[in-house]
K.L.:
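First, the structure itself, so that you have it in front of you.
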Amino acid sequence: MSIVVKIPAVGESITEVIVGEFSVQDGDLVELDQVICELESDKATFELNAEAEGKIKILVKEGDTLKVGDAVVEIESASAEASAGEVKGEGRNDQPSPEA
């Protein structure tokens with residue numbers, strides 16, 4: 001399952017922000033609440049945090065101007081990867097079957 005992290009509404013008068021420096025790179029594994037990047041508005045600078053843990057896909061570039069609600073990154077959640085591994089047989093239990 002992918003989670004899209006969007007520009008949050010941080011104040012009534014802030015409608016757009018500039019993407020500052022990313023703290024992670026495309027393809028990195030991130031943890032819940034880990035800082036992804038800085039966002040700058042005309043009034044403040046704030047951090048955008050990961051909303052889940054998993055593999056990150058960056059959708060924008062540093063310096064891009066985005067509106068509140070625009071997507072910044074997508075996180076392929078770790079639980080989705082684990083589930084996919086179990087479906088493929090990678091998460092199987094290695095205990096012998098009762099017949100053995």
K.L.:
Are the side chain of Asp26 and the backbone N or O of Ile58 linked by a donor-acceptor pair below 3.5 Å?
P.N.:
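Here the side-chain-to-backbone pair exists.
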K.L.:
Taking Leu29 as the starting point, is it possible to reach Val35 by hopping between hydrophobic residues whose side chains are less than 4.5 Å apart?
P.N.:
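Looking at the clustering, Leu29 is in a separate group from Val35.
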K.L.:
Say whether Val4 and Val73 are linked into one hydrophobic cluster, either directly or through other cluster members, by side-chain heavy-atom distances under 4.5 angstrom.
P.N.:
no
K.L.:
To the nearest 0.5 angstrom, please state how far the CE atom of Met1 sits from the CD1 atom of Ile75.
P.N.:
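CD1 of Ile75 is found 10.5 Å from CE of Met1.
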K.L.:
Where do Glu31 and Ala50 come nearest, in terms of heavy atoms and distance?
P.N.:
O-CB, 3.4 Å
K.L.:
Going from CD on Glu76 to NZ on Lys55, what distance comes out if it is rounded to the nearest 0.5 angstrom?
P.N.:
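It comes to 9.0 Å.
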K.L.:
At their closest point, which heavy atom of Gln34 faces which heavy atom of Val30, and how far apart are they?
P.N.:
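Between these two residues, the closest heavy atoms are OE1-CA, 3.3 Å.
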K.L.:
Rounded to the nearest 0.5 Å, what separates atom CD1 in Ile14 from atom CG in Asp42?
P.N.:
7.0 Å
K.L.:
Tell me the closest heavy-atom pair linking Glu51 and Val5, and the distance in Å.
P.N.:
OE2-CG1, 3.8 Å
K.L.:
Return the minimal non-hydrogen interatomic distance between Ile3 and Ala52, and the atom names on each side.
P.N.:
CD1-CB, 3.3 Å
K.L.:
Side chain of Ser2, backbone of Glu74: donor and acceptor closer than 3.5 Å?
P.N.:
no
K.L.:
For Leu39 and Pro8, work out which heavy atoms get closest and say how close.
P.N.:
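Shortest heavy-atom contact: CD1-CD, 4.4 Å.
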K.L.:
State yes or no: do Val10 and Ile36 share one hydrophobic cluster built from I, L, V, M, F, W and Y residues joined by side-chain heavy-atom distances below 4.5 Å, directly or via other members?
P.N.:
yes
K.L.:
Taking C-beta and beyond as the side chain, do Phe22 and Leu48 meet within less than 4.5 Å on heavy atoms?
P.N.:
no
K.L.:
Quick check for you: to the nearest 0.5 Å, what is the distance between Thr45 atom OG1 and Ile18 atom CD1?
P.N.:
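That separation rounds to 9.5 Å.
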K.L.:
Nearest 0.5 Å, please: how far is CD in Glu62 from SG in Cys37?
P.N.:
8.5 Å
K.L.:
Tell me which one of Ile7, Leu66, Asp70, Thr65 satisfies side chain to side chain contact (heavy atoms under 4.5 Å, CB included) with Glu16.
P.N.:
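When Ile7, Leu66, Asp70, Thr65 are each tested with Glu16, the side chain to side chain contact (heavy atoms under 4.5 Å, CB included) holds only for Thr65.
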